[in-house]
Visitor: 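One structure, as structure tokens, below. Some questions next.
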Amino acid sequence: MTAPELIMSQKPYSDFRSDTVTRPTPEMRRAMAEAAVGDDVLGDDPTVLELEALSARMMGKEAGLFMPSGTMGNSVAVKAWTRELEEVIVEARAHVYNMESTSMTFVSRVTPRPLASKRGAMDPEEIERNIRMPAVHTPRTSLICLENTHNNCSGTVLSLENMKAVRAVAVRHGLKVHLDGARIFNASTASGVPVKDYADLADSVMFCLSKGLSAPVGSMLVGPREFIDYSRRIRKMLGGGMRQVGVLAAAGIIAVRDMPARLGEDHRRARTLAEAIVSLPGITLDLSDVETNIVLFTFKHPRLGAADLIEELKKRGVWALAVLGGVRLVTHKDVDDADVERAAAAFKEILG
Ligand SMILES: Cc1ncc(COP(=O)(O)O)c(C=O)c1O
């Protein structure tokens, strides 16, 4: 048994905080050790070039760009598609709006226009009503950001129908659509819709290698060649140009090639966990929202606050996270059925 496998099997705690905590697989570690590398800023790291081409092909786009993080992927996309004095329509609980340290205003100097949604899906008619023409008082709307799956709506899947309707609005008004597809492979696994069909409805897509797909680092931005060429310059400006980064891209190739196939397992475990805790006092959770690997609930209890619940869980070896007014548990490669049983038992002991 290798050292990392030994550490995993001891399982002193069950980490449900995020799918970002996944460790690279032994195969990834081997590929990283053996990766052919070059200087990616100078454009000649062969492993990065392979990952970028593979990602673009999978999403049906002209080109791809390796990013250090999903946050940088989204930031660069917004920057590339917008100019100052413009506005971006975004779902009110979207990651790009709530959890990326105001990058839209800080990096791109554009105004986000957040709209409410049903389970992450904005109403296309409401989007259309909120599109603004430039005038002396108002910015011009230039971009719509979508998120699929929707993290802060419990990992819900945007339907292809909703995305098509949003796309039609965008086309009618000459707007671009950027898809935060951090977990687009989870969406595809749950719905059976190929990732390429979702990507077809957006001008650019960001997806993460380092979440359920288990690579240690990295995200991809894909889109038209000209957009990616410009994005490469913005990435450099933000300090995201890395050098012999084929060592990371090697894990990324395995992530996109091999890891989507196991995501259904995570979805099944999230469902089992949600069913085990849904009726416990204090928890408000709609089981129909648990479509993928995220269990997100609001917590109102006479004796305990959300922070107390998280603390009590932690005492029992179960790690959860507070997010946007709720408590979140995420299933992933490094939690198994025993971890789910441990979590369910801890919840029952605390609240039952
Ligand atoms: C939907 C979504 N978009 C973007 C990101 C940002 O990714 P990163 O943590 O790699 O910056 C996350 C991270 O959790 C996310 O959930």
Side-chain angles (χ1 to χ4, degrees), residues 15-24 51 55 65-79 88 90-104 106-108 112 114 117 119-122 144-158 163 177-188 190 195 198-199 202 204-222 231 235 238-240 242 245 248-249 251-252 255-256 263 266 270 289 291-296 319-324 326 328-332:
D15 194 346
F16 289 94
R17 289 172 301 168
S18 176
D19 44 11
T20 57
V21 304
T22 44
R23 314 283 169 92
L51 173 62
S55 299
L65 185 59
F66 187 42
M67 289 287 180
S69 69
T71 298
M72 192 181 288
N74 283 335
S75 294
V76 167
V78 172
K79 181 73 186 155
V88 176
V90 61
E91 198 279 329
R93 290 177 68 85
H95 197 280
V96 66
Y97 173 56
N98 290 283
M99 300 170 93
E100 299 188 5
S101 307
T102 72
S103 77
M104 273 193 200
F106 190 78
V107 176
S108 299
S117 74
R119 307 166 82 245
M122 291 179 282
I144 302 170
C145 286
L146 301 178
E147 184 176 318
N148 198 7
T149 63
H150 198 299
N151 182 347
N152 288 316
C153 292
S154 197
T156 43
V157 179
L158 286 197
M163 287 186 63
V177 176
H178 172 65
L179 173 60
D180 177 345
R183 298 184 180 81
I184 192 71
F185 288 95
N186 294 86
S188 173
V195 286
Y198 289 123
S204 57
V205 183
M206 185 285 291
F207 66 92
C208 292
L209 307 168
S210 62
K211 298 195 163 63
L213 302 186
S214 307
V217 180
S219 293
M220 302 307 300
L221 182 62
V222 296
S231 294
R235 185 189 70 172
L238 292 174
M242 300 178 284
V245 74
L248 297 179
V256 285
L263 292 176
D266 300 342
D289 288 346
E291 293 183 86
T292 58
N293 66 331
I294 299 178
V295 180
L296 177 58
W319 292 16
L321 205 64
V323 290
L324 286 193
R328 188 184 80 174
L329 287 93
V330 183
T331 53
H332 51 78

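For ligands, and for the atoms within them, numbers begin at 1 and follow the listed sequence. Along the sequence shown, the residues carry numbers beginning at 1. Predicted model only: the values in this text are computed from it and were never measured. What you see below is based on every heavy atom in this structure, not just the backbone, and it leaves out hydrogens, waters and symmetry mates.
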Visitor: Taking only heavy atoms of M206 into account, list the atoms of ligand 1 that are under 4.0 Å away from them.
Guide: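 Numbered from 1, ligand 1 contributes 4 (C).
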Visitor: Consider ligand 1: state whether an atom of it lies below 4.0 angstrom from any non-hydrogen atom of M99.
Guide: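 False for this residue.
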Visitor: Could you work out, with side chain to side chain contact (heavy atoms under 4.5 Å, CB included) as the rule, every residue matching S219, not counting sequence neighbours?
Guide: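 For S219, the residues satisfying side chain to side chain contact (heavy atoms under 4.5 Å, CB included) (neighbours in sequence not counted) are M67, M206, C208.
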Visitor: What part of S69, side chain from CB on, backbone N/CA/C/O, both or neither, has a heavy atom under 4.0 Å from ligand 1?
Guide: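 Both of them.
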Visitor: Is G70 close to ligand 1, meaning an N/O of one under 3.5 Å from an N/O of the other?
Guide: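 Yes, G70 has an N/O under 3.5 Å of an N/O on ligand 1.
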Visitor: Which residue and non-hydrogen atom of the protein lie closest to atom 5 (C) of ligand 1, and at what distance in Å?
Guide: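 Checked against all protein heavy atoms, atom 5 (C) of ligand 1 sits closest to H95 CE1, 3.3 Å.
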Visitor: Can you tell me if H178 and S204 form a side-chain donor-acceptor pair at under 3.5 Å?
Guide: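 Yes, S204 and H178 have a side-chain donor paired with an acceptor closer than 3.5 Å.
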Visitor: Does an N or O anywhere in R183 fall below 3.5 Å from an N or O of ligand 1?
Guide: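 So ligand 1 has an N or O lying under 3.5 Å from an N or O of R183.
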Visitor: Considering residues at least two apart in sequence or located in another chain, which fulfil the salt bridge (Lys or Arg N to Asp or Glu O under 4.0 Å) criterion with R93?
Guide: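 Applying salt bridge (Lys or Arg N to Asp or Glu O under 4.0 Å) to R93 gives none.
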Visitor: Closer than 3.5 angstrom, by distance alone: can the side chain of N74 be matched with the main-chain N or O of V96 as a donor-acceptor pair?
Guide: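 Side chain of N74 to backbone of V96, a donor-acceptor pair under 3.5 Å: no, none is there.
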Visitor: Is there a donor-acceptor pair under 3.5 Å between the side chain of N98 and the backbone N or O of A92?
Guide: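 Flag set: sc N98 to bb A92 pair under 3.5 Å.
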Visitor: For T71, is at least one N or O under 3.5 Å away from an N or O on ligand 1?
Guide: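 It does: an N or O of T71 is found under 3.5 Å from an N or O of ligand 1.
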Visitor: State plainly whether the residues E291 and R119 are in salt-bridge range, i.e. N to O under 4.0 Å.
Guide: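 Salt bridge between E291 and R119, a charged N being under 4.0 Å from a carboxylate O: yes.
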Visitor: Is there a heavy atom of D180 sitting under 4.0 angstrom from any atom of ligand 1?
Guide: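 Yes, D180 has a heavy atom closer than 4.0 Å to ligand 1.
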Visitor: For ligand 1, which part of T20 has a heavy atom less than 4.0 Å away: the side chain, the backbone, both, or neither?
Guide: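 Near ligand 1, T20 shows nothing, with every heavy atom at 4.0 Å or more.
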Visitor: Can you tell which of K211, M67, E147 gets a heavy atom nearest to atom 14 (O) of ligand 1?
Guide: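 It is K211 that holds the nearest heavy atom.
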Visitor: Short question: side chain of R235, backbone of F66 - any donor-acceptor pair under 3.5 Å?
Guide: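 Such a contact is found between R235 side chain and F66 backbone.
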Visitor: Quick one: which ligand 1 atoms are inside 4.0 Å of a heavy atom on A182?
Guide: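 Here the atoms of ligand 1 in question are 1 (C), 2 (C), 3 (N), 15 (C).
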Visitor: Pick one: which of D19, T149, T292 meets side-chain hydrogen bond (donor to acceptor under 3.5 Å, both in side chains) with R183?
Guide: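 The side-chain hydrogen bond (donor to acceptor under 3.5 Å, both in side chains) with R183 is passed solely by D19 among D19, T149, T292.
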